Every structure is written in C-alpha cells, then in structure tokens.
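The structure appears right after this line, and notes come after that.
Computed from heavy atoms alone, side chains included, the values below leave out hydrogens, waters and symmetry copies. These numbers were taken from a predicted model, which means no experiment stands behind them.
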Amino acid sequence: MKKGVYSSHTPTSLQEPLNAPVVGPGLRDSFIRRGVMWWRWLSLLLAVLLFTSTLSAAPAAPAKPTARVIYGLHEQVFITQLRVVLPAKVDTGADSSSLSAINIRPFTRDGERWIKFDLAVEGMELNNLELPLSHNVRIRRRASDYDPEEDKGYARRPVVELMLCIGNRAATVNVNLADRRSFRQPLLLGASALRKMRALVDSEFEFSAGVPLCEGVEDALRYPPLNEDEEED
C-alpha cells in the first residue's frame, strides 16, 4: 500500500485497486434499488413485446367474403342438410328462396316446431325429411294459384334454414317450402340469398359458378339422377 493511503475497504478481487473509492451503505442500497427498478421495467417491456408478437402470429378468424361473385340465370346448388345437388333458377325479382316440396306436415319435437316433407323432385325419392321450422311466411299468390280454402291474395308457407353451396361459396339461407313441380327448376334463389352470397347476376351466363365444391358434395344425390346403365364421366 502506498504511503499515506489508507482504506478499511477490503479488495474483493485481484483486479480491484487498493485505492478504490469507498461506497457507503446508503449509496450501495440506492444502487441496488435502482437496479431492481430497471430490471422490473425491462421485464415488463419484454413481456409486452412477447404478448404482441404472439397475437400477431395467431391465425385470424375467417372473414366473410367481400369480393362479389357473378352467377348466371341458373346455377347448381348443393343443399348440405339434404345431401342433394339441384339446379336453381336465380331470380333477382323474388326476394325469398323456395324449394319444391309436397306433403308438408308440421309437428312438435321436444317443445320445438319442426316440419316434415317430401322432396318434390322428379327421380329423387327423398320422403319424410325433417327440419326445424324457422317461421311461416305469406307469399303473394298468382291468379292461377288460387286456393279457395286459403286467403285469395297470399299463400302461407313454412320456412326452413338451409346451408346452400354454389361453387366454393356457402351461406345459410331462409328457404320456403312449396310445390314447384310445374316449374322447370325445383329450387328458386331470391335476392336475399344472393345478398348473403354477395353475388351479382349476369343474364348472359348459365351455371357460371360450376359444380359446388363444398365439403360433402362428393356423396350428394344429383339431379337429374343417372340411370343404372349410365356411368358418370
């Protein structure tokens, strides 16, 4: 030790000079508190950054389709609940959609209203189909469709919710049940269904969406059904 230099502080390592300044207990505690505070802030910042990166990496919920699709005057429609593919007339002049059905009978199951019906499509033997009843709707009658037992101006029809798939786009649509055997197409797609599909109609096209591509369509019954001596391409 150099002459005239005295310290009661004992060196803690060989690298610490003998003449290191003396740090009092109060100053040492202040350094410790500041270090703990800075460590806490750093830990909080790292936690926030980690949480933010986790949110950005998480998959986003599928968004509703925003791009418009163009349909023709007729399209092939896969009805998920019934497992059938039917040709549909696309009619922007009608607001509601309609499916050809007969022998429509309402009933109650577990306190809920249901409907039982037969699919009125030539060549398809689908009877006693059962679906929950959504509600009933009044449809304006045509003059040739007058039934003296009902209101002359309107027809009361049951409405069910069906998942309809056209091309690669699907939506749940309210569809009323009515006898459409006098029409060429067993299914009518109205403007409300087109809005859900975010679809426009071009009268120059037919079946522009192609075959339905939704899950389960491979096992669906198609109209018109193939004869036993015919094979699918």
Any sub-3.5 Å donor-acceptor pair from [X]'s side-chain atoms to [Y]'s backbone N or O?
{"X": "Arg157", "Y": "Ala178", "value": "no"}
{"X": "Asp202", "Y": "Glu204", "value": "yes"}
{"X": "Gln81", "Y": "Glu161", "value": "yes"}
{"X": "Ser97", "Y": "Gly190", "value": "yes"}
{"X": "Ser100", "Y": "Val121", "value": "no"}
{"X": "Asp118", "Y": "Ile104", "value": "no"}

Is any side-chain heavy atom of Arg181 closer than 4.5 Å to one of Ile102?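 Ile102 reaches Arg181 side chain to side chain.
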Note, Leu187 side chain near Glu75 side chain (heavy atom, < 4.5 Å):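 Of all side-chain heavy-atom pairs linking Glu75 with Leu187, none is under 4.5 Å.
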Spacing of [atom1] belonging to [X] relative to [atom2] belonging to [Y], to within rounding of 0.5 Å:
{"X": "Leu99", "Y": "Leu119", "atom1": "CG", "atom2": "CG", "result": "5.5 Å"}
{"X": "Asp95", "Y": "Arg195", "atom1": "CG", "atom2": "CZ", "result": "5.0 Å"}
{"X": "Leu221", "Y": "Ile79", "atom1": "CG", "atom2": "CD1", "result": "11.0 Å"}
{"X": "Ile115", "Y": "Ser134", "atom1": "CD1", "atom2": "OG", "result": "11.0 Å"}
{"X": "Leu213", "Y": "Arg169", "atom1": "CG", "atom2": "CZ", "result": "12.5 Å"}
{"X": "Arg83", "Y": "Glu218", "atom1": "CZ", "atom2": "CD", "result": "9.0 Å"}

List the steps and the verdict of side-chain contact (heavy atoms from CB on, under 4.5 Å) for Leu189 and Leu164. CA-CA 10 Å; Leu189 282 182; Leu164 305 183; 3.6 Å; yes
For Val90 and Glu206, what are the C-alpha separation, side-chain angles and deciding distance, and is it a side-chain contact (heavy atoms from CB on, under 4.5 Å)? CA-CA 10 Å; Val90 182; Glu206 282 196 342; over 6 Å; no
Answer yes if [X] and [Y] sit in the same cluster of Ile, Leu, Val, Met, Phe, Trp and Tyr residues linked by side chain heavy atoms under 4.5 Å apart, and no otherwise.
{"X": "Leu73", "Y": "Leu188", "result": "no"}
{"X": "Val201", "Y": "Leu86", "result": "yes"}
{"X": "Leu162", "Y": "Leu129", "result": "yes"}
{"X": "Leu131", "Y": "Met124", "result": "yes"}
{"X": "Leu194", "Y": "Phe205", "result": "no"}

Step-by-step side-chain contact (heavy atoms from CB on, under 4.5 Å) determination, Ser96 to Ile139: CA-CA 9 Å; Ser96 59; Ile139 304 294; 3.9 Å; yes
Of all heavy-atom pairs between [X] and [Y], which one has the smallest distance, and what is that distance?
{"X": "Val160", "Y": "Pro132", "value": "CG1-O, 3.5 Å"}
{"X": "Ser208", "Y": "Ile70", "value": "OG-O, 3.0 Å"}
{"X": "His74", "Y": "Lys89", "value": "CD2-CA, 3.9 Å"}
{"X": "Met163", "Y": "Thr172", "value": "CE-OG1, 3.3 Å"}
{"X": "Ala191", "Y": "Thr92", "value": "CB-O, 3.9 Å"}
{"X": "His135", "Y": "Arg113", "value": "CA-NH2, 4.1 Å"}

My understanding is that a hydrophobic cluster links ILVMFWY residues whose side chain heavy atoms are under 4.5 Å apart, including indirect links. Using that, what else belongs to the cluster containing Val85?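 Noted: Val85 shares its cluster with Phe78, Val217.
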Arg184: salt bridge (charged side-chain N to carboxylate O under 4.0 Å, His left out) partners, not counting sequence neighbours: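 For Arg184, no residue satisfies salt bridge (charged side-chain N to carboxylate O under 4.0 Å, His left out) once neighbours in sequence are set aside.
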